[in-house]
Amino acid sequence: MRRVLLVAAALTALSCAPKTSSAPTPANPPGAPPPPPPPPPAPPPAAAQGLRLGPSAQRYVMHTVIHIDQEFQGMHQPLDFGLRAFFGVTITGPADSSGYPTNITIDSIVPDSGTTPPMGINLGAAKALSFVGRLTPRGEFRGQSVSDSVAAQALAPIVGSFKNFFPRIPPGGLTLGATWTDTTTENDRAAGSVTVTSINRARAAAWEDHAGTRVLRLEVTSDFTIKGSGQQAGQPFEVAGSGVRSGLDFVSVDGRYLGGESRDSTAMTITLPIQAMTIPRTQVSRTTVTVLK
């Protein structure tokens, strides 16, 4: 949401009239004072107003590449896969007290060549799956309902619920040079009850051109922890770990989210209580979000 603030600058011109002389006719009356210099070029409106996300209709592709390395019974088990999710996002106005009405609809999810979906997930179930909710002024996608809860649950390990798809916005909106920190806690119920707590540090770093559009570049670094338990294939498990994330997001001067990129690195342990076994795992993922023309 973009907060509309009209910022006006008042310029006052001061001039001094020449003093009258006692002589009846001044020889050379002083000329008019020179005009004031022209004002400097105005910065982008958001530089002073606090830029926020607003109504738009965009199509995106989100490409995620994941490398997993875990040790099981003394053997290393590497796994690599990549996925592309194609989806449309429509944000409409006006906003209410909860934010802008927002609809996210998945067109398809396609594996990279040579890779297969993890855990045998049926990617075909993603077609036309939609998430409807509100985009809050802080960039959170909340109050969601889904068109097919069974499909959404099955696909949660891949696309989640888009709760954190949009960049987070500070209370005063985005202004050049602003820095802020927030903490997010999400509960992932795809396979049980796993809580991910992130401490995010962000900075509105610079105005620049991105794909031919004027954007404000956001830089984000995060530290996060993972803790929880659940069942997979009927087998209980416990998981604990931590990781770091770094990324960039781009917001246009007219309040559109124009994508970004991020890299996550996670170290965790998966405990299987029945087998009295602990499996160390490292995971590195790279995600790029691009606007489709």
Side-chain donor-acceptor contact under 3.5 Å, T181 with N200
no
Indicate the atoms forming the closest heavy-atom contact of I109 with A85, along with that distance.
CG1-CB, 4.0 Å
For a side-chain contact (heavy atoms from CB on, under 4.5 Å) check, start with the C-alpha distance between T102 and F141, then their side-chain angles and the critical distance, and finish with the verdict.
CA-CA 8 Å; T102 301; F141 182 43; 3.8 Å; yes
Among the clusters formed by ILVMFWY side chains lying less than 4.5 Å apart, do V253 and Y257 turn up in the same one?
yes
Which residue pairs pass the salt bridge (charged side-chain N to carboxylate O under 4.0 Å, His left out) test when at least one of the two sits in residues 93-104, sequence neighbours left out?
D96-R134
Would you mind writing out the side-chain donor-acceptor pairs for residues 159-171 within the sub-3.5 Å range, not counting sequence neighbours?
| from | atom 1 | to | atom 2 | distance (Å) |
| --- | --- | --- | --- | --- |
| N164 | OD1 | R168 | NH2 | 2.7 |
| R168 | NH1 | E140 | OE2 | 3.3 |

Could you verify whether a donor N or O on one side chain and an acceptor N or O on the other, from N187 and T195, lie under 3.5 Å apart?
yes
Would you check, one step at a time, whether the test side-chain contact (heavy atoms from CB on, under 4.5 Å) holds for L176 with W207?
CA-CA 7 Å; L176 180 62; W207 285 101; 4.0 Å; yes
Minimum side-chain heavy-atom gap W180-L174 below 4.5 Å:
yes
Which residue in the set V89, T92, I91 passes side chain to side chain contact (heavy atoms under 4.5 Å, CB included) when paired with S56?
I91
Would a distance-only check, ignoring hydrogens and angles, find a side-chain to backbone donor-acceptor pair under 3.5 Å from T115 to S113?
no
Hydrophobic cluster identity match, L248 and V61, side-chain contacts under 4.5 Å
no
Considering all heavy atoms of both residues, which atom of T105 and which atom of S130 are nearest to each other, and what is their separation?
OG1-CB, 3.5 Å
When rounded to the nearest 0.5 angstrom, what distance separates NE2 in H63 from CZ in F86?
9.0 Å
Roughly how far, to the nearest 0.5 Å, is OG1 of T90 from CD1 of I104?
9.5 Å
Close side-chain approach of T271 to V239, heavy-atom, < 4.5 Å:
no
Give a yes or no on whether R217 atom CZ has more than 12 heavy-atom contacts from other residues, nucleotides or ligands under 6.0 Å away.
yes
For the hydrophobic clusters of this structure (ILVMFWY residues joined by side-chain heavy atoms under 4.5 Å, transitively), does one cluster hold both V289 and V291?
yes
Please round to the nearest 0.5 Å and tell me the distance separating atom NZ of K227 and atom OG1 of T225.
9.5 Å
Less than 4.5 Å apart, any side-chain heavy atom of V284 and any of R263?
yes
Got more than 12 heavy atoms from elsewhere within 6.0 Å of CD1, I199?
no
Would you mind listing every salt bridge (charged side-chain N to carboxylate O under 4.0 Å, His left out) that reaches into residues 65-85, with sequence neighbours excluded?
R84-D112
About how many Å separate CD1 of I68 and OG of S285, when rounded to the nearest 0.5 Å?
9.0 Å
Flag for T266-D264: side-chain donor and acceptor within less than 3.5 Å
no
Look at the side-chain heavy atoms of Ile, Leu, Val, Met, Phe, Trp and Tyr, link any pair under 4.5 Å apart, and say whether V65 and L83 land in one connected group.
no
So which heavy atom on G54 is nearest to which on Y100, and how close?
CA-CE1, 4.1 Å
Minimum side-chain heavy-atom gap P157-I121 below 4.5 Å:
yes
Identify whether L155 and V132 are in the same connected component of the hydrophobic contact network (ILVMFWY, side-chain heavy atoms under 4.5 Å).
no
Any chance the side chains of Q235 and Q275 put a donor and an acceptor closer than 3.5 Å?
yes
Would you say that L258 contacts Q58 through its side chain, given a criterion of any heavy-atom pair below 4.5 Å between the two side chains?
yes
For D148 and V146, what are the C-alpha separation, side-chain angles and deciding distance, and is it a side-chain contact (heavy atoms from CB on, under 4.5 Å)?
CA-CA 6 Å; D148 186 333; V146 296; 6.0 Å; no
I need the T183 OG1 to R201 CZ distance, nearest 0.5 Å.
9.5 Å
Looking at side-chain heavy atoms only, is the closest gap between L51 and V251 below 4.5 Å?
yes
Between P94 and P101, what is the shortest heavy-atom contact and its length?
O-CD, 3.8 Å
Smallest separation among heavy atoms of S252 and T213, with atom names
CB-CG2, 4.0 Å
Close side-chain approach of L292 and Y60, heavy atoms under 4.5 Å:
no
Whether R245 and E219 form a salt bridge (side-chain N of Lys/Arg under 4.0 Å from carboxylate O of Asp/Glu) is what I want to check.
no
Between the CZ atom in F72 and the OG1 atom in T278, the distance rounded to the nearest 0.5 Å is 11.5 Å
Please test H67 against L79 for side-chain contact (heavy atoms from CB on, under 4.5 Å), starting from the C-alpha separation and ending with a verdict.
CA-CA 6 Å; H67 171 76; L79 173 64; over 6 Å; no
Nearest heavy atoms of P117 and L123, plus distance in Å:
CG-CD1, 3.6 Å
Does any part of the side chain of F87, heavy atoms only, come nearer than 4.5 Å to the side chain of R59, both counted from C-beta?
no
